[in-house]
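Presented below is the structure to which this report refers.
Just so it is clear, the structure is predicted and the values come from calculations on it, not from any experiment.
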Amino acid sequence: MSRKTTGAVAALGAAMLLGGVTAQAAHAETETLGGLPVPTTHLQNTDAQQAVGGTTSALGYAVAPVKELRLDPWAGSGADVLNNGVAVVPDNGVAPVGTAPLTAPLSGGGGAKDLPLAGPLLGVLPG
């Protein structure tokens, strides 16, 4: 089949389909059901407060497991690489700076909500 023939067949099929739909619609409008008025279809008004309320309550159930998810699978075991910390002690009397405060929530078996910077940000999410 050439492109011209394929296009003609597609146009003929669309015309037959639309002709059948309009014929059914015309028949449905003239037909009455035992003297009752012809039913019409209308969409109901959308209540935005219920839609937003349903979305936020469902979001809480979806986000809560992600916030509680244990990020370090080896937490509390001898193979936990985050349990090892590195600290630098400056000579001028300044307090030591190390990685232990950042990795301690994860090596203790915590989730994303226990991280120092991300935890307060995740507290804004529902759940």
Side-chain angles (χ1 to χ4, degrees):
M1 279 188 154
S2 68
R3 287 186 183 184
K4 188 183 266 189
T5 312
T6 305
V9 170
L12 179 63
M16 290 175 55
L17 178 66
L18 291 176
V21 171
T22 55
Q24 287 178 358
H27 178 68
E29 290 175 6
T30 59
E31 183 179 317
T32 59
L33 301 172
L36 297 174
V38 178
T40 58
T41 57
H42 296 286
L43 295 176
Q44 295 179 353
N45 293 335
T46 303
D47 187 7
Q49 287 180 337
Q50 285 184 344
V52 170
T55 302
T56 55
S57 65
L59 185 64
Y61 288 110
V63 171
V66 174
K67 290 172 27 177
E68 302 283 333
L69 184 66
R70 186 174 176 176
L71 297 178
D72 185 12
W74 295 293
S77 70
D80 185 13
V81 295
L82 295 177
N83 198 15
N84 300 326
V86 177
V88 176
V89 181
D91 288 337
N92 59 1
V94 179
V97 177
T99 60
L102 295 175
T103 60
L106 294 178
S107 65
K113 66 176 180 58
D114 298 323
L115 293 174
L117 297 175
L121 293 175
L122 290 174
V124 174
L125 294 175

Provide the closest heavy-atom pair for T55 versus A51 in the form atom of the first, atom of the second, distance. OG1-O, 2.8 Å
Heavy atoms of A95 and P90 approach each other most closely as O-CD, 4.0 Å
Measure from the side-chain N and O atoms of K113 to the backbone N and O of L122, and report whether any donor-acceptor pair falls under 3.5 Å. no
Atom pair OG1 (T103) and CG (N83), whose distance is rounded to the nearest 0.5 Å: 7.5 Å
Between the main-chain N or O of A75 and the side-chain N or O of S107, is there a donor-acceptor pair closer than 3.5 Å? no
Mark yes when over 12 heavy atoms from residues, nucleotides or ligands other than N92 sit less than 6.0 Å from its CG; otherwise mark no. yes
Residue pair D114 / L106, side-chain heavy-atom distance below 4.5 Å: no
Exercise: identify the closest heavy-atom pair between S57 and G54: OG-O, 3.1 Å
